[in-house]
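Order of listing sets the numbers, starting from 1, for every ligand and every atom in it. The basis for the numbers below is simple: all heavy atoms, side chains too, and nothing from hydrogens, waters or symmetry mates. This is a predicted model, so every value here is computed, not measured.
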Amino acid sequence: MTITEDSGARAAINKKHLRTDRWWLGPAITVIGLFAWVAYATFRVFYQGNYWVGDYHYLTPFYSPCVSQGCLPEASLFGRILPDHPLLPYAALSLPLLLMFRMTCYYYRKAYYRSVWMAPAACGVPDGHASYTGETRFPLIWQNSHRYFFYAALAITLINTWDAIIAFQSPAGFGFGLGNIILVGNVILLWCYTFGCHSCRHVMGGRIRHFSQNPIRYKLWTISSYLNVRHMQFAWITLGSLALTDFYIMSVSAGWITDLRFIN
Ligand code: FES
């Protein structure tokens, strides 16, 4: 058969694809990064220890809000309403919501569709699956729930912010240490990620006909759009900042290091 430009048929090629560059590098780095983070986070949330520094009121974001009966009373601002069980993380109310928020995030979808699902792994590389139904059927139709998880993430980011504010403590009263810088930095980055969410951008600027008549929403939409362009960077940076914050608080709590104090 003669292949013409509009015949609809593909040229017969005896290779899977014609790419000769290292197209697999991006997906490979992504899958390593995601799996490494998930392994660390899984270890930490089931570890059920070294999540709190009492003297300075540092609470790791992986245990916030701490709602298990196993939580220390001073670390649980919202009550200890869940039973203490080794298979139930201390922050079992918030973690599934955050997990779903990230799992359904537009950027992470792109990342794991390419690197884990191979659908497709890269431009010009065939899909790893025989058929393609996109996000139109179960289970991937679930991805459309992202907008609802955005509201949950908003509430949890507010809680993380409160955790960072009330951590300016020392046994003598007001205090300030390296842990505060890490907690506040992490929260700022979490806001950058959350506020740059595609759903947030729609909440800020969607369904209005004239920006000129809604100057505040226009301003918020402009900020969200600015962050949205950098959403991939904040998606990765916040994975790092969450792990770093948790690791620092674990290290201080376990006595491996002491918090560097600027004001005691
Ligand atoms: Fe990434 Fe909403 S699109 S958090």
Side-chain angles (χ1 to χ4, degrees), residues 26-27 29-38 40-42 45 60-62 64-65 89 91 93-122 134-164 183-208 217-246:
I29 292 172
T30 303
V31 81
I32 291 169
L34 289 178
F35 275 101
W37 194 87
V38 168
Y40 176 79
T42 305
V45 299
T60 163
F62 285 4
S64 177
L93 283 188
S94 55
L95 290 177
L97 297 171
L98 287 177
L99 181 68
M100 290 312 299
F101 179 55
R102 297 247 172 186
M103 288 273 290
T104 57
C105 163
Y106 285 47
Y107 166 67
Y108 287 112
R109 273 143 81 171
K110 172 186 152 188
Y112 65 74
Y113 283 172
R114 287 190 180 180
S115 60
V116 180
W117 208 248
M118 312 285 269
E135 296 173 342
T136 58
R137 293 188 200 164
F138 182 83
L140 291 185
I141 198 168
W142 178 250
Q143 305 283 30
N144 294 297
S145 60
H146 182 66
R147 69 200 77 171
Y148 306 112
F149 291 115
F150 161 70
Y151 293 109
L154 210 55
I156 296 165
T157 309
L158 277 172
I159 292 172
N160 293 152
T161 306
W162 183 244
D163 289 339
L183 277 164
V184 170
N186 177 55
V187 154
I188 291 171
L189 291 167
L190 287 178
W191 278 114
C192 290
Y193 172 70
T194 309
F195 212 72
C197 166
H198 289 67
S199 296
C200 178
R201 188 166 171 265
H202 178 73
V203 169
M204 296 306 156
R207 293 180 182 272
I208 50 178
R217 286 189 65 185
Y218 175 65
K219 187 70 193 164
L220 292 171
W221 176 81
T222 309
I223 297 169
S224 183
S225 299
Y226 175 85
L227 296 169
N228 181 263
V229 173
R230 295 153 182 83
H231 197 51
M232 179 185 84
Q233 287 89 329
F234 284 119
W236 280 105
I237 290 170
T238 47
L239 288 187
S241 71
L242 281 165
L244 174 74
T245 307
D246 176 76

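For the residue pair Q233 and Y107, no side-chain donor N or O sits within less than 3.5 Å of a side-chain acceptor on the partner.
Shown here are the protein N/O/S atoms lying under 2.8 Å from atom 1 (Fe) of ligand 1, water excluded: C105 SG, H231 NE2.
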Could you give the side-chain donor-acceptor pairs of residues 196-204 under 3.5 Å, partners two or more places apart or in another chain?
unit_1: H198; atom_1: ND1; unit_2: N228; atom_2: ND2; d: 3.3
unit_1: R201; atom_1: NE; unit_2: S225; atom_2: OG; d: 2.8

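Within the 3.5 Å criterion, the main-chain N or O of Y112 finds no donor-acceptor partner in the side chain of W117.
Looking at residues two or more places apart in sequence or on another chain, you find no ring-ring contact (aromatic ring centres under 6.0 Å, His included) involving W162. Y193 is linked by a ring-ring contact (aromatic ring centres under 6.0 Å, His included) to F101, H231, counting only residues two or more places apart in sequence or in another chain.
Here the side chains of L242 and L190 are in contact, with some heavy-atom distance below 4.5 Å.
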